[in-house]
Amino acid sequence: MTSNPEEHSNAADRNCPICEGMGFVHQDLPIDHPDFGKLIVCPCRQNKLLSSAQDKLFQSSNLDAFQDMSFDSFTAKGHVGMADNQIMSLENALRQAKSFAENPRGWILFVGNYGCGKTHLAAAIANEVVQRGVPTFFLTVPDLLDWLRFGYNNPDSSFEKRFEEIRNIDLLVLDDLGTQNTTEWAQEKLFQILNHRYTHNLPIVITSNLDLDSIEGRIRSRLKDPAIVTRCNITASDYRDTTSDHSQSELTNLHYHSERTFGTFSLRKDEKLDPAVLKSLDNAFKTAQKYAENPQGWLVLIGPHGCGKTHLAAAIGNYRVAVGDNPIFKPLPDLLDHLRATFSPSSPISYDKLFNQIRDTNLLILVNLDIQSATPWAKEKLYQLFDHRYYAKLPTVITTTSMLEEIDPRIRSRFLDGRVSKTCTIAAPAYRVK
């Protein structure tokens with residue numbers, strides 16, 4: 001039995017000393033062996049066939065535009081000026097991505113701002129597993145839905161075939177969940193895919209720049225299942241936008257409170273106040289000082305107008321500025337006005353960019369929290385802001401005159417979580433300047 005070298009020129013090495021370009025070789029076996037005289041594939045051809053199979057797998061995975069995205073090319077240190085907590089979020093996401101790529105089980109969800117590295121990590125996972133021969137699809141959610149729609153009119157590939165292929169592929173990577181056109185058909189098809197993979201515990205990688213509460217309820221409930229989903233919040237800013245840190249100075253009102261420091265704060269010991277009142281003031285002062293030295297989690301200051309809440313909040317901000325931080329200090333009404341202003345056609349910044357910048361800042365100081373008379377839109381935006389910072393454990397200082405029972409239950413539950421938040425109530429009356 002012979003083989004034409006031309007026939008195997010694409011698979012075998014013509015200069016191979018073993019098969020001399022034939023692609024097949026005889027085994028050196030005894031004459032009475034059952035496989036005596038049979039041809040086997042030459043190692044040179046096996047290597048090329050394996051390489052060809054990997055190339056085909058890579059092409060079918062839709063990774064052409066992302067082939068340079070690997071774990072080695074991912075920069076966990078971010079760009080110059082990035083805060084420590086932002087770098088830590090990148091390093092954690094990288095560790096989780098590598099672990100998932102080594103053993104793709106369950107789901108991994110990357111949540112963060114535009115340009116923070118979500119897509120890079122998702123593509124790095126896909127490239128890694130494809131190299132090991134795992135069939136993979138990498139698709140943005142809008143592309144996925146367009147791909148399915150195309151199946152309706154393509155005689156060469158039916159919708160049912162495409163749909164089943166996506167539902168059951170060994171690894172599915174969905175980039176930009178939430179950017180799709182939310183028609184009923186699109187929402188239903190997306191849910192069917194995710195629900196099937198959830199029910200059968202098929203691995204999936206998802207990226208999104210949305211808060212989970214902005215995602216359709218049935219999908220959100222599956223993304224919140226800690227038994228299956230590993231969630232990675234990336235708080236880093238857009239690495240493509242080198243101006244975002246400079247524009248932050250326009251968001252803060254801290255310069256109006258430069259004289260409010262810990263040194264200028266009065267503990268009011270010369271006033272005839274109840275000892276319990278003075279104790280609450282002293283406790284709030286010491287708690288704020290300790291927090292300023294190492295901001296961790298949330299600090300909520302509650303008390304009547306003029307009791308010293310804003311002074312302590314500003315003192316925290318001024319202390320952090322002195323050590324090189326760049327906090328955002330903002331009264332809630334001003335913050336909402338800034339967000340509403342982005343809807344104007346003349347706005348130089350988009351709503352998403354401004355909201356994400358406030359949401360992901362390394363230290364947010366929000367004073368005068370009073371949402372009882374706020375509009376539904378304002379309440380929802382505020383909840384999204386707090387919900388993100390709560391799960392990301394981003395340092396946040398909040399002052400309010402409202403008692404805890406008067407605050408929206410969704411926000412109040414975050415305030416009451418002792419693992420993340422510390423609450424100080426100041427019982428002092430309004431300070432009267434003499």
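In this chain, residues are counted from 1 in sequence order.
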Taking all non-hydrogen atoms of both residues, which atom of [X] and which atom of [Y] are closest, and how far apart?
| X | Y | value |
| --- | --- | --- |
| Leu369 | Ile398 | CD2-CG2, 3.6 Å |
| Tyr291 | Leu363 | OH-CD1, 4.1 Å |
| His196 | Asn168 | NE2-OD1, 2.7 Å |
| Val129 | Ala101 | CG1-O, 3.7 Å |
| Pro203 | Arg197 | O-NH2, 2.6 Å |
| Arg231 | Val111 | NE-CG2, 4.4 Å |

Residues [X] and [Y]: side-chain donor-acceptor under 3.5 angstrom:
| X | Y | value |
| --- | --- | --- |
| Asp176 | Thr140 | no |
| Arg260 | Asn318 | no |
| Asp334 | Asn253 | yes |

For the pair [X] and [Y], name the ring-plane relationship: parallel under 30°, tilted 30 to 60°, perpendicular over 60°.
| X | Y | result |
| --- | --- | --- |
| Trp298 | Tyr390 | perpendicular |
| His120 | Phe74 | perpendicular |
| Tyr351 | Phe355 | parallel |

Can you sort out the partners of Lys393 under salt bridge (charged side-chain N to carboxylate O under 4.0 Å, His left out), two or more places apart, ordered by chain and number?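 Testing Lys393 for salt bridge (charged side-chain N to carboxylate O under 4.0 Å, His left out), a comparison that skips the adjacent residues, returns none.
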Closer than 3.5 angstrom, by distance alone: can the side chain of [X] be matched with the main-chain N or O of [Y] as a donor-acceptor pair?
| X | Y | answer |
| --- | --- | --- |
| Thr396 | Leu394 | yes |
| Ser350 | Lys353 | yes |
| Arg414 | Val420 | no |
| Asp325 | Asn362 | no |

Are [X] and [Y] side-chain neighbours, meaning at least one heavy-atom pair lies under 4.5 Å?
| X | Y | result |
| --- | --- | --- |
| Ile125 | Phe71 | yes |
| Phe329 | Thr310 | yes |
| Ile193 | Leu172 | yes |
| Lys379 | Leu382 | no |
| Leu177 | Leu223 | yes |
| Ile316 | Phe262 | yes |
| Phe191 | Asn195 | yes |
| Ile206 | Val229 | no |

Show me the donor-acceptor pairs within less than 3.5 Å that the side chains of residues 280-288 make with the rest of the protein, sequence neighbours left out.
{"from": "Ser280", "atom 1": "OG", "to": "Val277", "atom 2": "O", "distance (Å)": "2.7"}
{"from": "Ser280", "atom 1": "OG", "to": "Ala427", "atom 2": "N", "distance (Å)": "3.1"}
{"from": "Asp282", "atom 1": "OD2", "to": "Lys286", "atom 2": "NZ", "distance (Å)": "3.2"}
{"from": "Thr287", "atom 1": "OG1", "to": "Asn283", "atom 2": "O", "distance (Å)": "2.7"}

In Å, rounded to the nearest 0.5 Å, how long is the span from OG1 of Thr235 to CG of Asn356?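 Thr235 OG1 to Asn356 CG: 12.0 Å, rounded to 0.5 Å.
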A quick test of your reading: do over 12 heavy atoms of other residues, nucleotides or ligands sit less than 6.0 Å from CZ of Arg410?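 More than 12 within 6.0 Å, yes.
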